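Lettering follows sequence order; numbering is per chain, from 1. These figures come from a predicted structure and were not determined experimentally. Atoms considered below: every heavy atom in the structure, side chains included; atoms not considered: hydrogens, waters and symmetry mates.
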Amino acid sequence: MRSPAGSTPDPVRTVALKRVTIVGEAVLESRLVALIRAAGAKGFTRIACSGEGSRGVRASDWEGANVKLESLVSPAVADAILAVLARDYFEHFAVVAYVDEVHVVRGDKYV
Amino acid sequence: MRSPAGSTPDPVRTVALKRVTIVGEAVLESRLVALIRAAGAKGFTRIACSGEGSRGVRASDWEGANVKLESLVSPAVADAILAVLARDYFEHFAVVAYVDEVHVVRGDKYV
Amino acid sequence: MRSPAGSTPDPVRTVALKRVTIVGEAVLESRLVALIRAAGAKGFTRIACSGEGSRGVRASDWEGANVKLESLVSPAVADAILAVLARDYFEHFAVVAYVDEVHVVRGDKYV
Amino acid sequence: MDSLDLVRLNLASPMVLGFVLGIVATLVKSDLKLPEALHSGLSSYLLLAIGLKGGGELAQAPLDQLSGPLLATLAIGITSPIWCFAALRTFGKLGVVDAAAIAAHYGSVSVVTFTACGTFLDGAGVGYEGFMSALVAFLEVPAIVVAILLARRASTSAAPWGETLREVLGGKSNLLLCGGVAIGALAGPSLEQVKPFFVDPFKGVLTLFLIDMGALAARRLSDLRAAGGFLAVFALVMPLVNGAIGAWLGEFAGLSLGGTTIFATMVASASYIAAPVAVRIALPEANPALYLTSSLAITFPFNLTVGIPVYHAIARWLHA
Amino acid sequence: MDSLDLVRLNLASPMVLGFVLGIVATLVKSDLKLPEALHSGLSSYLLLAIGLKGGGELAQAPLDQLSGPLLATLAIGITSPIWCFAALRTFGKLGVVDAAAIAAHYGSVSVVTFTACGTFLDGAGVGYEGFMSALVAFLEVPAIVVAILLARRASTSAAPWGETLREVLGGKSNLLLCGGVAIGALAGPSLEQVKPFFVDPFKGVLTLFLIDMGALAARRLSDLRAAGGFLAVFALVMPLVNGAIGAWLGEFAGLSLGGTTIFATMVASASYIAAPVAVRIALPEANPALYLTSSLAITFPFNLTVGIPVYHAIARWLHA
Amino acid sequence: MDSLDLVRLNLASPMVLGFVLGIVATLVKSDLKLPEALHSGLSSYLLLAIGLKGGGELAQAPLDQLSGPLLATLAIGITSPIWCFAALRTFGKLGVVDAAAIAAHYGSVSVVTFTACGTFLDGAGVGYEGFMSALVAFLEVPAIVVAILLARRASTSAAPWGETLREVLGGKSNLLLCGGVAIGALAGPSLEQVKPFFVDPFKGVLTLFLIDMGALAARRLSDLRAAGGFLAVFALVMPLVNGAIGAWLGEFAGLSLGGTTIFATMVASASYIAAPVAVRIALPEANPALYLTSSLAITFPFNLTVGIPVYHAIARWLHA
Ligand SMILES: Nc1ncnc2c1ncn2[C@@H]1O[C@H](COP(=O)(O)O)[C@@H](O)[C@H]1O
Ligand SMILES: Nc1ncnc2c1ncn2[C@@H]1O[C@H](COP(=O)(O)O)[C@@H](O)[C@H]1O
Ligand SMILES: Nc1ncnc2c1ncn2[C@@H]1O[C@H](COP(=O)(O)O)[C@@H](O)[C@H]1O
Ligand code: NA
Ligand code: NA
Ligand code: NA
């Protein structure tokens, strides 16, 4: 906020990171957060959401519908998150997970 | 949740899928969901949002602002969703739609 | 909505654009929106969210947690947004920003 | 009390002052808007509370006292969109679809304006028929249906007729209003059990809601230019015309002084809850900047501050 | 009043009518669901209000009057999931985990059904022990724990036992209910200060909440086929069996006519707030379509409309 | 009542017990936090209700009775951040910006602490001047402005002065508080219409809100180590110093025993609604862990439980 208005700042270097996205039942929230942390993620963003899928089952409407977690991580951490998810959650819970690549400002902070 | 803590699970195979994202007026929600379903999507995730664009018109603040729908689908279904959207909604409604690619755990479930 | 049900619409041409995503403290919302606008973005989508990171500080729980802003822009505008962000916000505020590419229906509207 | 006193009384009510606070906040670039979930919850509360009250009184009102006002409500609901439409086409040179969209709003009723009128009368110590709340439920829908019918031949992208009807009748506000009337009418004396929630705090909730409405209306003010001069005039004059007609018709239908005032206010008010949603779906090519700006940013504040005392003055004059 | 009158009285209460409105709205494809934040807020309000009331009365009740009902509550909380489980295994041929999951729901208690019963008795002019609200807090948890214990040997993916207990005891609904009881018991006369918020509007809030519950329950109806015929019968018969046992036990424990009715209703009701969350975590392979559809879409509406007057009739017969 | 009785009375109030429930829930890793939309809605309600009450009484208070307390409020609002700043610099060796940020919080006022004090006095049967609520509106802003002025010469990234002022004056909490005062003062007798919403349920709403505050405060406890030992001492001692000064000044300004108690509590309390937002924008390099932990996690619970009865004891001693 200090710089004189109108001055053009220098271009920014970004780092390519994996973004892991998990959408799951809201009752799982604290467990999924613990999982992400344990796998080595430095942070995450949480968004309330709802949805429909092939199973469509929800534990309870009282605890809310779904939660979407997004975490910027290194490829290795991304693999670790997905592996634990696939092993422990996919069989019995309504969970969707995927990965893509984004270019992050000051990305080295997150790996 | 069964596995002994600390054991390393196997790496996970992912499938490349299209993620179709639609942001539109909240009054359209049920119609957009029907459209996605009709085009062949197996599921979707719904997020409440708001926004500004070039038109900035909203039907009513009473029914909420915007809704964001995300659906993981095959390329063919993605094309079908966008085509119907472009034909029926883009002229008169505040709608934004785009596609990118993500790598989905157990992705074959969604095609 | 006019077309006879069942007719197949023409395939849709999309334009590759940058999607800039900013996650930051909710108190910054109006400032970040102004920044995006000033850098030349034609619109944006706003989503309420929360999260944890390395700093974990929040100005106040009364004004809400975090806000996620997504804007579809040309590569030049994306660079401009990130540069101003890096210069004015990264030092003192809890902000995450990244870019990826998406294929937008009627994408020329947004550049 | 003379008319000026009544205007002053109205302007100094917590509800109108709350509305002004919302406007001021938006003008100083601050934001008093409630979270969306609360706005929606308070709307539901207000609609349901009005319905419950109307239903409870409806069940007790003798049919012969009721039939006149009910017929008057249906008659004005069907006819007023037609003359609004004609005025917009003739004097404003608006296109068919835009004219019909605006007519749907002015033919329907604003629930909050209705409520503010009841509060005004309570403050002024003027009684009115309890079943007026139920008439709101009957005035909301017909005008929207008539106006959409007027536009359909001109619209190239109107939604299918069945879908439109479902949208209008099955809309949240109509369901809550009519559902409330039904519950109120069926519940009988057990309605007393819910009074401490639906009746006592009602005016306070309305005050909070009006702060929010003020913030919303003020945001629409920037669209005024888009709406144009004719529409601004229309949004000020049409309520007066409709209000006068409403007062005359209410008096004719046998309503009391207070009932006539409320009836005039209902007719003069323009919907901004039910109508916009229905019109958006049924007539997507109509420009929302036109119908929302005129009904929400001009007519609503006008009625809230000046209109209601004026309609009361007309009603008094007719009753004298 | 004879039994039919009581059914009629119950069906015409604003709460039950509100529930019906929610169902109707969903059936006509409209949506009266409250925003999630409000649903959660209203739930918290109801739980806390019930707890406060129970705690306040608990503090004043003489221990000898209390001990009987308290023991009865714990006894039925521990035993009823066992016979529910046995019935589901024997007659329904359900798997161990699914049977235990359903037993957890029917052994626990539905807070809203409990509340509706209190409202019913108020309407019918029948008094009851004030500390009944506190018993709800004691009935909620034991059955869930017992049922999970029944399933654990069969489950291949049950959560660790410590985590399960934390989930059940530290769950939001249990904390609010027990926390409310504790505050109510400790606050003494200063509880009067919060009555205008937690007592007076309670039944009105419940009406709003039941509209929402109606919408939720109606959505579950589409799962009825998945649940199957046996479960539909179970969801109608088990409440009657549990209600009769509860009435007998309540009478035996020395409760008044009203208290016996409430106790029977508590036993007959099936949880759909606390139990589903705990079961989802503790027994993830249990099918939610089975336990949620039966408790929320069948048993809850049944108890709300027909069950409560029936349990009252049983209680009257026992008391005569 | 002696002082210990008063502490006991205060600790057993539903509000303080609710706060404890929120803390306990967080400590057992459960979560009683309200949805954000509700937290924000309840805050708005409380601020508006306080403003309305203060404004209504302001309009009736004779000017000569008012001028003393008003001047005292402004005087303490301008001076107290200066001595807080000096203490933090001298004894705590904090940097200019962090010291100023904390001083802004301790110079301003906590609306919830103020309210809890009113509830305490009501419970103890001690009367107080109705216009105290209006003084809150005058105490909130000056300290924040003074503290930011103190820091600006040292800050390298302070926001422009105009923007800072807009942030402080146009902040949601200031607008609701001052807007409420204005509406209350202008509305006159029609304020009665909204009493069942803004006055009667007030203390119950506060109880619900304090559960939420307890959950929030407990989350901050983990930051205590980051804040360090000096700040913990400061957050316990400064309120006592400010409270004593406030009691003396209130007495001097001619307030009653109850009014003096409230005035002392206002001065002793630290803002955690208005100040954090303003400071975050105006002094971004100040560390939020320092100012939020001290004001929200230490000073607020201290005042709520022990501080208020202590300030009352001081006021009684001065009044004797
Ligand atoms: N194809 C999909 N695209 C996007 N989100 C999905 C999809 N399928 C499922 N989901 C999300 O994952 C949740 C659980 O899905 P399911 O386990 O299939 O019931 C749903 O509620 C949606 O939020
Ligand atoms: N350039 C953009 N980037 C991201 N979202 C946009 C953009 N333009 C529009 N939107 C979203 O689409 C909605 C409708 O846009 P419009 O039709 O241009 O008014 C807005 O409310 C935004 O949520
Ligand atoms: N690795 C990450 N992945 C996703 N979101 C993050 C990450 N780190 C931080 N965030 C988001 O950015 C906000 C501020 O982060 P920080 O400045 O590190 O405290 C957090 O509240 C999260 O919403
Ligand atoms: Na009208
Ligand atoms: Na039971
Ligand atoms: Na202070």
Which atom pairs, donor and acceptor, lie under 3.5 Å between side-chain atoms of residues 75-86 of chain C and protein residues at least two apart or in another chain?
none

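When side chains are defined from C-beta on, B:E29 does not count as touching B:N66, because their heavy atoms never get closer than 4.5 Å. Two residues are said to be in side-chain contact when any heavy atoms from C-beta on lie closer than 4.5 Å; C:V67 and C:I47 fail this criterion.
Within the 4.5 angstrom heavy-atom criterion, only side-chain atoms of C:L72, from C-beta onward, approach chain B. Only the backbone of C:E101 comes within contact range of chain B, judged by heavy atoms closer than 4.5 Å. Contact annotation for C:T14: only side-chain heavy atoms (C-beta onward) come within less than 4.5 Å of a heavy atom of chain B. With a threshold of 4.5 angstrom between heavy atoms, B:V23 approaches chain C through side-chain atoms but not through N, CA, C or O.
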Go through C:R46 and B:E52 one step at a time and tell me if the side-chain contact (heavy atoms from CB on, under 4.5 Å) criterion holds. CA-CA 8 Å; C:R46 180 201 295 114; B:E52 294 176 19; 4.1 Å; yes
